[in-house]
Amino acid sequence: MTLPITEDSGPAADRPPARLALTGDVARPARMTVDDLLAWPQHRVRVSFECATSGTRHHRFTGPLLHTVLSAAGPGFDPARRKDRLRFLIAVHGTDGHRVLLSWAEIDPDFGRAPVLLGVSIDGVPLDRTGPQLVLPQDRCGARHISGITGIRVDGGYPGPG
Ligand SMILES: Nc1nc2c(c(=O)[nH]1)N[C@H]1C(S)=C(S)[C@@H](COP(=O)(O)O)O[C@H]1N2
Ligand SMILES: [Mo]
């Protein structure tokens, strides 16, 4: 009797590559896969963070800088005027609805210089089916390390007071 050839049919193997929608005040909105994100210079980082529920966690990530990827999309500020960038927000959301807001200035090399990555692998495992993960080496808490990112929206229209 011939047994059927069983393929790797785990949930990850069945899924198509995850896509991330880059939208908002950018000249070139895009839908990107983890494969697309490999086109940028890759950084590697070890992070340790504390989780309120599961204690200290350690991970290795690789991926491009968030600032590099978003800059290439052409955010709607005048790059020559540093002050013009300060009203921009970056909203990042994951498949499960977990959401985080960053300011543009936080990751801008002229201001906060936070080396935030769009992780494309975690602990040596590619994230092409799960989607990229936000990596914030400067954070003590793990909560902003959003996994399964489905969307990033750049928003320069935050209304000021009055
Ligand atoms: N999409 C998504 N990412 C998330 C969360 C979440 O609820 N949804 N929780 C965060 C929290 S609170 C922590 S501490 C880390 C935990 O990561 P780890 O358990 O995989 O180390 O993931 C973060 N990323
Ligand atoms: Mo957490």
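Atoms within a ligand are numbered from 1 in the order they appear, just like the ligands themselves.
Less than 4.0 angstrom separates some heavy atom of Cys51 from each of these atoms of ligand 1: 14 (S). Residue contact check: Phe49 has heavy atoms under 4.0 Å from atoms 14 (S), 15 (C), 16 (C), 17 (O), 21 (O) of ligand 1.
Of the charged side-chain nitrogens involved, at least one lies within less than 4.0 Å of a carboxylate oxygen, so that Arg87 and Asp84 count as a salt-bridged pair. Between Glu106 and Arg144 there is a salt bridge, since a side-chain N of the basic residue sits under 4.0 Å from a carboxylate O of the acidic one. Arg85 has a carboxylate O that lies under 4.0 Å from a charged side-chain N of Asp108, or vice versa, which qualifies the two as a salt bridge.
Residue, atom and distance of the protein heavy atom nearest to atom 3 (N) of ligand 1 are Ser147 N, 3.0 Å. Looking at atom 15 (C) of ligand 1, its nearest protein heavy atom turns out to be Gly142 O, 3.6 Å. The single protein non-hydrogen atom nearest to atom 12 (S) of ligand 1 is Ala143 CA, 3.5 Å, given as residue, atom name and distance. Residue, atom and distance of the protein heavy atom nearest to atom 4 (C) of ligand 1 are His98 CD2, 3.7 Å. Ranking the protein heavy atoms by distance from atom 7 (O) of ligand 1 puts Asp96 OD2, 3.6 Å first. Looking only at protein heavy atoms, the nearest one to atom 18 (P) of ligand 1 is Arg57 NE, 3.5 Å. If you check which protein heavy atom lies closest to atom 24 (N) of ligand 1, you get His145 O, 2.8 Å.
A distance of 8.0 Å separates CD in Glu50 from SG in Cys141, rounded to the nearest 0.5 Å.
Note on Trp40: it clusters hydrophobically with Leu136, by side-chain heavy-atom contacts below 4.5 Å among ILVMFWY residues.
Checked by distance only, ligand 1 and Ser54 stay at 3.5 Å or farther apart across all their nitrogen or oxygen atoms. Residue contacts with ligand 1: His59 is placed with a nitrogen or oxygen under 3.5 Å of a nitrogen or oxygen of the ligand (distance criterion only).
Between Ser48 and Arg57 there is no side-chain heavy-atom pair separated by less than 4.5 Å.
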message: Applying ring-ring contact (aromatic ring centres under 6.0 Å, His included) to Phe77 and Trp104, what does each step give before you reach the verdict?
response: CA-CA 11 Å; Phe77 48 67; Trp104 184 277; 5.1 Å; yes
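By the neighbour-count criterion of 12 heavy atoms within 6.0 Å, atom CZ of Arg140 is sparsely surrounded, having that number or fewer from other residues, nucleotides or ligands.
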